[in-house]
Amino acid sequence: VHEVLPEADVLVVDDGSSDRTMEEAEAAGSLVVRHPFNLGIGATVQTGLRFACEEGYEIVFRLDGDGQHNPSDLPLLYAALRENRVDAVFGSRFMGTDSTMEISFDRRLGIFCFRTLVTLLTRQRMTDTTSGLCCLNRQAVEVLARYLPQDYPEVEGRVVLYKAGLKTIEVPVQMRPRTTGVSSIDRWHSIYYA
C-alpha cells in the first residue's frame, strides 16, 4: 500500500494475533490498533472504521490481511468512487474477468446464495458480496462504523449501505489465492449464517 499510495496512512488492526503482526506492521511504517484478544472480522473492520471516523479521514480503503487483495487496485477503486459519484466501491473477482482464483464448490455456492439474496434485497446486481476490498467515502465510513454487523460484515454491510440510502458499485479486480491465515467461513459457518 505504501508503494502504491505513498501519501496514505496505513492502519493495521491486529485482532489479538499470537504472531508478530503488530511488530511487523509498525516496522513497515503502519499505524497499529491491537485488540487484546480475537474479536472476529466484524469487530476488526469496525475498529478500523471507527478509527477513521475519529481521525477525520475522508476516504478509506479496506484490504484483507490474507494477501488476496492487490494494493495496485486501490487507485482504480478511488477513480471509480469519484467518477461515478458513489459512496462505496467494491472490488469483484467475478465481474468482467475470468477469475483465475480457485474457489471450492461449497464456497462458490455460498457466494452465489449471498449475492443472489443481496441483489434481491438491494435491487442492484451484485457479483461478489464477500469481497473485503473496497473504497469508502466519509458517509459510508460513518454508517458502517456504527452499524456494521459483527459476524459476516461484507455481505450484510452491503444491505446496511443500501438501507442508509448510499450508492455503491462494483469494479472488476483480480484476487490472488490466500497467502496467509485461514478463512473463518467454512461449510458449517456458511450454513449457520445463511
Side-chain angles (χ1 to χ4, degrees), residues 11 13 39-66 68-70 73-97 99 101 103 106-175 183-185 189-194:
L11 172 69
V13 181
L39 297 174
I41 187 166
T44 301
V45 173
Q46 199 168 42
T47 294
L49 295 171
R50 286 183 176 173
F51 178 92
C53 282
E54 290 172 11
E55 297 298 321
Y57 289 94
E58 294 297 321
I59 300 293
V60 171
F61 295 99
R62 176 185 164 213
L63 294 86
D64 290 346
D66 60 10
Q68 287 185 316
H69 303 146
N70 188 342
D73 286 327
L74 299 181
L76 168 76
L77 271 64
Y78 180 62
L81 186 88
R82 291 186 57 210
E83 291 167 11
N84 294 284
R85 298 180 186 203
V86 294
D87 302 293
V89 176
F90 295 90
S92 172
R93 68 196 119 183
F94 305 119
M95 184 180 167
T97 62
S99 178
M101 196 172 155
I103 301 172
D106 292 343
R107 192 161 174 91
R108 276 194 188 271
L109 181 61
I111 290 169
F112 172 78
C113 291
F114 292 139
R115 81 173 177 216
T116 301
L117 183 59
V118 172
T119 295
L120 291 171
L121 290 171
T122 64
R123 297 180 206 100
Q124 181 180 356
R125 183 175 181 266
M126 303 282 181
T127 64
D128 195 355
T129 55
T130 62
S131 173
L133 179 63
C134 63
C135 178
L136 309 168
N137 71 9
R138 177 80 179 180
Q139 286 180 291
V141 170
E142 288 175 354
V143 166
L144 293 177
R146 185 167 186 175
Y147 298 111
L148 189 73
Q150 296 302 304
D151 288 330
Y152 298 97
E154 293 87 0
V155 177
E156 287 185 64
R158 302 281 187 104
V159 177
V160 168
L161 291 171
Y162 170 77
K163 292 279 191 183
L166 301 181
K167 295 178 183 169
T168 67
I169 61 170
E170 292 180 323
V171 296
V173 296
Q174 287 288 324
M175 291 191 196
S183 175
S184 60
I185 304 173
H189 283 95
S190 292
I191 292 169
Y192 162 77
Y193 178 64

For the atom pair CG (Asp73) and SG (Cys134), what is the distance rounded to the nearest 0.5 Å? 12.5 Å
Gln46 side chain to Ala145 backbone, donor-acceptor under 3.5 Å: yes
Measuring from Leu39:CG to Thr44:OG1, what's the distance to the nearest 0.5 Å? 6.0 Å
Separation between CG of Leu81 and CG of Leu136, rounded to the nearest 0.5 Å: 8.0 Å
Considering residues at least two apart in sequence or located in another chain, which fulfil the side chain to side chain donor-acceptor pair (under 3.5 Å) criterion with Asp128? Arg93, Thr130
Between Thr122 and Val159, is there a donor-acceptor pair closer than 3.5 Å when you use the side chain of the first and the backbone of the second? no
One should read off an interatomic distance between Arg62 CZ and His69 NE2, to the nearest 0.5 angstrom, of 7.5 Å
N/O donor-acceptor pair under 3.5 Å between Gln150 side chain and Ala43 backbone: yes
CD1 on Ile111 to OG1 on Thr116, rounded to 0.5 Å: 11.5 Å
What I want to find out is whether Asp87 reaches Arg85 closely enough, with some N-O distance under 4.0 Å, to be called a salt bridge. no
Does Val173 form a side chain to side chain contact (heavy atoms under 4.5 Å, CB included) with Asn70? I'd like the steps, not just the answer. CA-CA 9 Å; Val173 296; Asn70 188 342; over 6 Å; no
Tell me, do Tyr57 and Leu11 make a side-chain contact under 4.5 Å, heavy atoms counted? no
Spatial distance of atom CZ (Arg158) from atom OG1 (Thr129) [nearest 0.5 Å]: 6.0 Å
Determine, for Arg138 against Glu142, whether the closest basic-nitrogen to carboxylate-oxygen distance falls under 4.0 angstrom. yes
